[in-house]
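Notes for the one structure printed next.
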2 protein chains.
Amino acid sequence: MHTGIRTIYWENNTVVMIDQKALPGEEKLLSCRHYTEVITAIKDLTIRGAPAIGVAAAMGIALGALSLSPASPEAFKKSFSEICEQFAGSRPTARNLFWAIERMQRCFQSALSAKRFVPGEIQQALIGEATRICEEDIAVNRKIGFNGSSLIRDGDTILTHCNAGALATAGYGTALGVIRAAVAEGNNIHVFVDETRPVLQGARLTAWELLKENIPHTLITDNMAGFLMKQGRISKVIVGADRIAANGDAANKIGTYSLAVLAGEHGIPFYVAAPLSTIDMTIRSGDEIPIEERNGAEITVIRGARMAPEGVAVYNPAFDVTPHRYITAIITEAGIITSPFQERLEEIFRATS
Amino acid sequence: MHTGIRTIYWENNTVVMIDQKALPGEEKLLSCRHYTEVITAIKDLTIRGAPAIGVAAAMGIALGALSLSPASPEAFKKSFSEICEQFAGSRPTARNLFWAIERMQRCFQSALSAKRFVPGEIQQALIGEATRICEEDIAVNRKIGFNGSSLIRDGDTILTHCNAGALATAGYGTALGVIRAAVAEGNNIHVFVDETRPVLQGARLTAWELLKENIPHTLITDNMAGFLMKQGRISKVIVGADRIAANGDAANKIGTYSLAVLAGEHGIPFYVAAPLSTIDMTIRSGDEIPIEERNGAEITVIRGARMAPEGVAVYNPAFDVTPHRYITAIITEAGIITSPFQERLEEIFRATS
């Protein structure tokens, strides 16, 4: 049972999600009745965070399938594939998006192979799978939290980047899930929150979550993290991930790599908390992870106000890759993974497949 | 002769300065007729950058002295000291502020010790000293630029942080002065500009300066610098400084320390460009440099729009300290200083005193 923040859910054949663009100023929900609204919501960051994107895609695909009235299995298959492709093109980096699409495709294939062709049954199967993905995500995050909390000590001061909280998932969160679990176990934790330029997910979303649950925290700009580490004020770093390669290299929100280097320089443990659905065993290293570049206006314009002169050239990669040698451990629902990452990950995926 | 940006100047018994808070949206000047307006301008970042703060303080003190009609040397001395104290309390970190105040105090003492007590002559002497400090600053920056340009190669891609340009000085700049000189010598340089949260001096001021002079550049958020270094896209880092200790430790805009660590990790030279007036031989190490903490609203509110929830706790140090071991060289008007910094600095100050 989950009583906290519900980032996204299925209700009366609509996909309902917290409008994260409006936070923290306004707490409102977006109801999507058409699957293309879900795609837009993924693209414009109304919903973001790798696991949440996966859930949104699954629900969006179910919504898309529900809108179809296919005359034949072939027609259904063709339209369904087109919908899946549109979701696959919404954002490139998060592994969970493709993982969720693949699960929905397998569900579709399985339902389609039933003796009789009853589109309504296939549609219900897809809705069932999407809601299962959502519920499983929360359960997985609680497991990640439970596993990760063993690494946390009373009095820890933990730096996190971006939002790897309830809002980045169906609920509870990955990096913030570890913190939530540690706090629930009675540990006094102070969280330092990187504001996370350009989209300010730390300032807008992580601070909002921590305030809501009275977890002590301090907001800083991204460039202050190194100075805090030098002062001995950070005991651990925990971040989420958007895609983890087979060797343990992890793509996450831009700025994560710098934090990992800084943590290494100061002898501070650097943890990545992520579900197995974020791990992409088909790619050998982080060099193969596609890094999304977003519109430069995310940097030059803040809430409609121009921050840089007209005509300035801008580079806006949304993610970076942290090589596994900077990662102390990857915290998953299957346990805490340490070096050699490749071997450990292969073991886990052999066991779970 | 300086034909570029004039950050601050003395005209008809007023102190005129570019209103840097209004940039890049609006190019306007602030004319201060009363010395307290100059203090406010320093405090609220209408003028900022260690050398520019020094010039502003010198001119503000001259303006303050000009407003007095002292009946006796003692009365003048008392009022003058009070004015100097107010400037000394305006901002704590930049060495140049105190250096300029000390110069004005010496000038005052020297003028006061004349045989006859003629307040008007003392006032003119102070105006003369303040305008000299302003002109010397530009000359010193050109020297820094000339010296530093020997370190630059055609094709360099240089990362800079905050604004150590014309706007941080009376004109020409320190770190940007080196870049200006290298460009003037015919080198093709590309500048990567950290936006520099929270006050965005990189996005608002450095990008504005580079655009004005057609120097190729790319604006990034502060947390992207490490990723660019990892990609091999940064060949050098050059920053300014607010105060340099006798051992070479350098205080500069928050985020500088992180850049220095990242540069070290990637084998990238890290240069600090600053005039001798930034160097404080009275303090042994960076640990003794007072670090200003500014209002948290600089982080939570951008141009009137709230970026973080109400009630969030914030930490907002304006500067950090980079230990000398991360600094490849300090570029000054007296030459390029490398390790052992303390010995070299002592030699230079022995020679110049």
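All of these numbers come straight from a predicted model, not from anything done at the bench. Throughout, a chain's letter reflects where its sequence line sits, starting with A, and its residues are numbered from 1.
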> Is the NZ or CZ atom of A:R233 positioned over B:Y315's six-membered ring, under 6.0 angstrom from the centre and within 45° of the axis?
Replying inline: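 Positive - A:R233 is close enough to the ring of B:Y315 and near enough to its axis.
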>> If the contact rule is any heavy atom under 4.5 Å from chain A, which residues of residues 248-256 of chain B qualify, in numerical order?
In response: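 Contacts with chain A: B:I254, B:G255.
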>> Assess the residue pair A:L29 and A:D19 against the criterion (side chain to side chain contact (heavy atoms under 4.5 Å, CB included)); give the C-alpha distance rounded to whole Å, side-chain angles, the decisive distance to 0.1 Å, and a yes or no.
In response: CA-CA 5 Å; A:L29 296 171; A:D19 181 352; over 6 Å; no
>> Applying side chain to side chain contact (heavy atoms under 4.5 Å, CB included) to A:I244 and A:H324, what does each step give before you reach the verdict?
In response: CA-CA 9 Å; A:I244 298 172; A:H324 59 86; over 6 Å; no
> In a check of side chain to side chain contact (heavy atoms under 4.5 Å, CB included) between B:L159 and each of B:V239, B:L262, B:I234, which one passes?
Replying inline: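 Option passing the side chain to side chain contact (heavy atoms under 4.5 Å, CB included) with B:L159: B:I234.
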Looking at [Y], is its backbone amide N or carbonyl O close enough to the side chain of [X] to form a donor-acceptor pair, meaning the two atoms are under 3.5 Å apart?
X	Y	result
B:R197	B:I299	yes
B:N187	B:I189	no
B:T7	B:T169	yes

Heavy-atom distance under 4.5 Å to chain A: side chain of [X], backbone, both or neither?
X	value
B:V193	neither
B:T300	side chain
B:L228	side chain
B:Y257	side chain

>> Let's go through B:D194 and B:T196 carefully: what are the C-alpha distance in whole Å and the side-chain angles of both, what is the deciding distance for side chain to side chain donor-acceptor pair (under 3.5 Å) to 0.1 Å, and is it a yes or a no?
In response: CA-CA 5 Å; B:D194 268 358; B:T196 317; 5.4 Å; no
>> Suppose we screen for side chain to side chain contact (heavy atoms under 4.5 Å, CB included). Which residues come up paired with B:N295, at least two apart in sequence or across chains?
In response: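 Result, side chain to side chain contact (heavy atoms under 4.5 Å, CB included) vs B:N295: B:A297.
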> Do other residues, nucleotides or ligands put more than 12 heavy atoms under 6.0 Å from the CZ atom of B:R284?
Replying inline: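 It does not: B:R284 CZ has 12 such atoms or fewer within range.
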>> Taking A:K21 first and then A:D44, would you say they form a salt bridge - that is, a charged N and a carboxylate O separated by under 4.0 Å?
In response: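 Judged by the 4.0 Å cut-off on N to carboxylate O distance, A:K21 and A:D44 do form a salt bridge.
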>> Show, in sequence, the C-alpha distance, side-chain angles and deciding distance for B:N247 and B:S285, and conclude whether the side chain to side chain donor-acceptor pair (under 3.5 Å) test is met.
In response: CA-CA 6 Å; B:N247 70 345; B:S285 85; 4.7 Å; no
> Out of A:I291, A:I302, A:T322, A:L200, which one racks up the most heavy-atom pairs below 4.5 Å with chain B?
Replying inline: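 Highest number of pairs under 4.5 Å: A:I302.
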> Would A:T206 and A:N163 count as a side chain to side chain donor-acceptor pair (under 3.5 Å) if you check the C-alpha gap in whole Å, the side-chain angles of each, and the deciding distance to 0.1 Å?
Replying inline: CA-CA 5 Å; A:T206 299; A:N163 173 271; 3.1 Å; yes
[X], part contacting chain B, at a heavy-atom distance under 4.5 Å:
X	result
A:A305	side chain
A:H190	neither
A:L259	neither

> Do you know which two heavy atoms are closest between A:P323 and B:K230, and how far apart they sit?
Replying inline: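 Result for this residue pair: CG-CE, 3.6 Å.
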>> Restricting to non-hydrogen atoms, name the atom on A:P269 and the atom on A:S235 that form the minimum distance, rounded to 0.1 Å.
In response: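 Heavy atoms of A:P269 and A:S235 come nearest at CD-O, 3.4 Å.
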>> Sub-4.5 Å heavy-atom contacts with chain B: which residues of residues 306-313 of chain A show up?
In response: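 Near chain B, by residue number: A:R306, A:M307, A:A308, A:P309, A:E310, A:G311, A:V312, A:A313.
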>> What residues of residues 208-227 of chain A make heavy-atom contacts with chain B at a cutoff under 4.5 angstrom?
In response: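 Counting heavy atoms that sit under 4.5 Å from chain B, the residues of residues 208-227 of chain A involved are A:W208, A:L211, A:H217, A:T218, A:L219, A:I220, A:T221, A:D222, A:N223, A:M224, A:G226, A:F227.
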> Step by step, would you call A:E292 with A:R294 a salt bridge (charged side-chain N to carboxylate O under 4.0 Å, His left out)?
Replying inline: CA-CA 6 Å; A:E292 178 181 11; A:R294 295 184 62 87; 2.9 Å; yes
> Can you check side chain to side chain donor-acceptor pair (under 3.5 Å) on A:R48 and A:Q20, steps first, answer last?
Replying inline: CA-CA 8 Å; A:R48 27 62 52 200; A:Q20 300 192 32; 3.0 Å; yes
